[in-house]
Number of protein chains: 2
Amino acid sequence: MQTLNTTEQQIIEAARKIFMHKGLAGARMQDIADEAGINKAMLHYYYRSKEKLFEIVFWEAIDQLLVRVNAVLAEKMPVEEKIGAAVSHYIITLSDNPYLPLFVLNEIQQNPDRIIQRFVHAPLFPNVQVFMQEIAAAMEQGIFRKVNPPQLMVSIISMCIFPFVAKPLLQAAFTVNDVQFGMMMEERKKFVTDFVMHALQP
Amino acid sequence: MQTLNTTEQQIIEAARKIFMHKGLAGARMQDIADEAGINKAMLHYYYRSKEKLFEIVFWEAIDQLLVRVNAVLAEKMPVEEKIGAAVSHYIITLSDNPYLPLFVLNEIQQNPDRIIQRFVHAPLFPNVQVFMQEIAAAMEQGIFRKVNPPQLMVSIISMCIFPFVAKPLLQAAFTVNDVQFGMMMEERKKFVTDFVMHALQP
DNA sequence: CGCGGAGTTAACCAAATGGTTAAACAAATA
DNA sequence: TATTTGTTTAACCATTTGGTTAACTCCGCG
């Protein structure tokens, strides 16, 4: 997310903002040009087409939402700690990029092939397997209660990501402003970690 | 969701399908007309504009995603049971309408005002308050461990809805087809309920 | 039968949109 | 200074898109 002042970079930043907010179908090339403060022709000069520009923003977002968590899951630490670390990582990342997950999820649904192709070649986050095995091992050792690991995995991810996907709705439902929502997410790190640990108590 | 054979109804059904799959920005009036097997002018004859047609589909979806759960939460039964009932209700509803939540959440983010206006007049699901009070009462009585009720609420909803929001992604990540995904969601009803009950064990 | 109105359609329209082009500009190079 | 090379712009273009119109069909009713 470097902020170089070159036109090339300004375009990417503008594209990121517009695509994230409006999606591929809703974004207008003119919007992006305006946001970047340049002529529309420059977009094509540097990136050929709307689709090409979108792909750059999209894969950058995928990297942020899916790939980077791998590094956290690769660290060497007890499973109990690793759960907390992963939860914190997600909530921190998404607090800085609230629009990220809905954007990614929506575009995947619009065009699943785009991402499925990549999964065929190699799993997008290999360490999730490792993590699930560590959890399974902890269950065998009696550290955790035995539950279905994929369901557990999905649950942890759900509790971290969903609040950001539903942010405007939750804000309306619980009548909280942006600051309060931020505080809620801050306190959510501990809540989710504790909640999961209690649920896994034998 | 009635299937009357009148043109008026055929249009709504077609609009529902197209809008749910492509969203407001991505949907084309021609797509809807084709899906309904009629001339594009008919759409305007019956529903004036794209926006008007969209609003009908949108509020119908809101009703399905947010309002109907109220009935479940209004039923008279012990909290422990009610949690399971709400979870089941959501997973059953969404299994029949997998595109529903992403559609709704996305359109809310695109235009939050649309829904915020409604929340100002009256809460869209008053019984959530009741439910949270029942949970708080159960905590006071020592039936449940004390946790922050809104955080708990958000967590339950997350675990129910998120898998459908991320459906294509989860299917790719865990390599499951539609049938297997359906089974996973079927088994998820029990998983989430148990998971929550264990997490709330004092 | 003929009249009237609801239902339906093909053709049309203006605006928006992704993309192109040719000319202008600026900074380095010879 | 003249030339070249990469950058930037205004104007333009073809297609798409939401929406309109005028004519046509069909059915019930006098």
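No hydrogens, no waters, no symmetry mates; every other heavy atom, side chains included, goes into these values. These numbers come from a predicted model, not from an experiment. Convention: sequence-line order gives letters A, B, ...; per-chain numbering from 1.
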Pair B/Glu55 + B/Arg48: basic N to acidic O under 4.0 Å: no

Here the distance between atom C1' of C/dT9 and atom CD1 of B/Ile38, to the nearest Å, is 11 Å

Is the shortest side-chain heavy-atom distance between A/Glu8 and A/Ile12 below 4.5 Å? no

Side-chain polar contacts of residues 175-183 of chain B - donor-acceptor pairs under 3.5 angstrom, sequence neighbours left out - could you list them?
unit_1, atom_1, unit_2, atom_2, d
B/Asn177, OD1, B/Val179, N, 3.1
B/Asn177, OD1, B/Gln180, N, 2.8
B/Asp178, OD1, B/Gln171, NE2, 3.1
B/Gln180, OE1, B/Asn177, N, 2.9

Ordered by number, residues from residues 40-47 of chain A within less than 4.0 Å of DNA chain C (heavy atoms) are A/Lys40, A/Ala41, A/His44

Side-chain polar contacts of residues 115-122 of chain B - donor-acceptor pairs under 3.5 angstrom, sequence neighbours left out - could you list them?
none

message: Classify the ring geometry of A/Phe58 against A/Phe103: parallel below 30°, tilted from 30° to 60°, perpendicular beyond 60°.
response: perpendicular

So, with a heavy-atom separation below 4.0 Å from DNA chain C, the residues of residues 18-28 of chain A are A/Ala27, A/Arg28

| request: Using only side-chain N and O atoms of A/Ser49, determine if any of them is under 4.0 Å from OP1 or OP2 of C/dG18. | output: no

Q. Under a 4.5 Å cut-off applied to non-hydrogen side-chain atoms, are A/Phe54 and A/Glu107 in contact?
A. yes

Taking the side chain as every heavy atom from C-beta outward, state whether A/Ser95 and A/Phe164 have any atom pair closer than 4.5 Å. yes

First and last nt of DNA chain D near chain A, cut-off under 4.0 Å to heavy atoms, 5' to 3', are D/dG6 to D/dA10

Separation of C/dA15 atom P from B/Met29 atom CE, nearest Å, is 19 Å

Whole-Å distance, A/Lys52 NZ to C/dG18 C1', equals 14 Å

side-chain hydrogen bond (donor to acceptor under 3.5 Å, both in side chains) pairs touching residues 71-88 of chain A, sequence neighbours excluded, are A/Lys82-A/Glu134

Which of B/Val72, B/Ile161, B/Ile156 passes side-chain contact (heavy atoms from CB on, under 4.5 Å) with B/Tyr90? It is B/Ile161

Here the distance between atom P of C/dG18 and atom CG of A/Asn39, to the nearest Å, is 14 Å

Open item on the list: Does any part of the side chain of A/Asp34, heavy atoms only, come nearer than 4.5 Å to the side chain of A/Ile18, both counted from C-beta?
Closed with: no

When B/Lys17, B/Lys22, B/Lys40, B/Arg16 are each screened for salt bridge (charged side-chain N to carboxylate O under 4.0 Å, His left out) with B/Glu35, the one that passes is B/Lys17

